[in-house]
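Quick notes on the structure that follows.
On a predicted model such as this, the values are computed, not experimentally measured, just so you know.
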Amino acid sequence: MKSSRPPSLVILTGAGVSVESGIPQFRNRHGLWTHVDYRALATPEGFAHNPARVLDFYNERRRAMGRAHPNAAHHALARLEADFKGDFLLVTQNIDDLHEAAGSRKLVHMHGELASALCEACGGRCRWPRDMTVNSVCPACGATGRMRPDVVWFGEVPYHMDLIQARLASATLFVAIGTSGNVYPAAQFVNDARRAGARTIELNLEPSLSSDDFSEALYGPATELVPAFVDRLLAGD
């Protein structure tokens, strides 16, 4: 039964959307966190202890992002944004810029962005596509050695949560794509959407840890699933 409310779509994307573009995952059984200690590289404490090591780690990630290109899933979601008749919000857990490169504009990065820098001295943010070092200078306040990647580390609060929660509360359709289901608060979004009466769909390579919370699910590579799903949705399915 279709909702009588105006259509409102919230999409959540995770690492599974970008992996076919060559962006490595962090949390799966072959992910980066199985090879390195996240406490040393993705926490405020790790940064305070050895900032040069943390900055080098994210410099490498930023360079890898610069070599990557959007895939069919990214392009399909940009097309969906352009053609969807209703409210649309794309929430991504990814810190790469592949959604933007594909043309997405109505999106928020809840875990921050690799191509952005945050100054610990003044709280200022700026675009930062190049390498960052312990000698980098904040363009806003002039502080040296206080710049860090503008990404959400373990123990920090994700960005844009007020907006995300408001849109989930009015959603008629919630779709999670390429997510693991073990990262909170994102793993809870499906239940937030269900309480609002939304139809909930998981598109993933394999069932996530929260797959039982969805009313529908489709499994396979994102570059195959997402374009086909977008076609069906825009056709009125």
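- Side-chain atoms of R146 never come within 3.5 Å of backbone atoms of C138 as a donor-acceptor pair (strictly under, hydrogens ignored).
- Side-chain contact between Y219 and L205 is absent, with no heavy-atom pair separated by less than 4.5 Å.
- In this structure, L80 is not a member of the same hydrophobic cluster as L12, with clusters built from ILVMFWY side-chain heavy atoms closer than 4.5 Å.
- Note on F214: it clusters hydrophobically with L168, by side-chain heavy-atom contacts below 4.5 Å among ILVMFWY residues.
- Contact record, L114 with V151: N-CG1, 4.2 Å, taken as the closest heavy-atom pair.
- Panel note: side chain S116, backbone R127; no donor-acceptor pair is recorded below 3.5 Å.
- Electrostatic pairing of R105 and E81 does not count as a salt bridge here, judged by no charged N lying under 4.0 Å from a carboxylate O.
- Taking every heavy atom of both residues into account, A187 and G181 meet most closely at CB-O, 3.4 Å.
- The backbone N or O of N71 lies less than 3.5 Å from a partner atom in the side chain of H74, making a donor-acceptor pair.
- Between V175 and L203 there is a side-chain heavy-atom pair separated by less than 4.5 Å.
- V137 and V134 end up in different hydrophobic clusters when Ile, Leu, Val, Met, Phe, Trp and Tyr side chains are linked at under 4.5 Å.
- Between D150 and Y159 there is a side-chain heavy-atom pair separated by less than 4.5 Å.
- I11 is listed as a side-chain neighbour of L77, based on a closest heavy-atom distance under 4.5 Å.
- Counted by atom type alone, H99 and T13 present one or more donor-acceptor pairs between their side chains at under 3.5 Å.
- Between the side chain of S18 and the backbone N or O of A15 there is no donor-acceptor pair closer than 3.5 Å.
- Listed here is the closest heavy atom pair of N204 and T179: ND2-O, 2.6 Å.
- Two residues are said to be in side-chain contact when any heavy atoms from C-beta on lie closer than 4.5 Å; L90 and F88 meet this criterion.
- Counting heavy atoms from C-beta on, the side chains of M147 and C126 come closer than 4.5 Å.
- The backbone N or O of G14 sits less than 3.5 Å from a side-chain atom of N94, completing a donor-acceptor pair.
- No single ILVMFWY cluster, assembled from side-chain heavy atoms under 4.5 Å apart, contains both F84 and V10.
- Within a 6.0 Å sphere centred on CZ of R125, heavy atoms belonging to other residues, nucleotides or ligands number more than 12.
- One side chain, T223 or E20, offers a donor N or O that lies under 3.5 Å from an acceptor on the other.
- If you look at W153 and Y38, their ring centroids are not closer than 6.0 Å.
- In the model, N182 has a side-chain atom that pairs as donor or acceptor with a side-chain atom of S180 under 3.5 Å.
- Checked for salt-bridge contact, D231 and R79 meet the test: a charged N lies under 4.0 Å from a carboxylate O.
- In plain terms, the two heavy atoms of A222 and A73 that are nearest each other are O-CB, 3.6 Å.
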With salt bridge (Lys or Arg N to Asp or Glu O under 4.0 Å) as the test, would you mind laying out the steps for R61 and E113 before giving the verdict? CA-CA 11 Å; R61 308 277 77 73; E113 302 179 61; over 6 Å; no
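- Listed for the S21 side chain is no donor-acceptor partner under 3.5 Å among the backbone atoms of I23.
- Judged purely by distance below 3.5 Å, without hydrogens or angles, the side chains of D131 and Y58 never pair a donor atom with an acceptor atom.
- Looking at T43, its side chain does come within 3.5 Å of a backbone N or O of R39 through a donor-acceptor pair.
- For D56 and R53, the salt-bridge test fails: no basic side-chain N is under 4.0 Å from an acidic carboxylate O.
- Side-chain contact, S8 with T172: no donor N or O sits under 3.5 Å from an acceptor N or O.
- Placement of I95 and V19 in two distinct hydrophobic clusters is found when ILVMFWY residues are connected by side-chain heavy-atom separations under 4.5 Å, directly or transitively.
- Smallest separation of non-hydrogen atoms from A196 and A169: CB-O, 3.4 Å.
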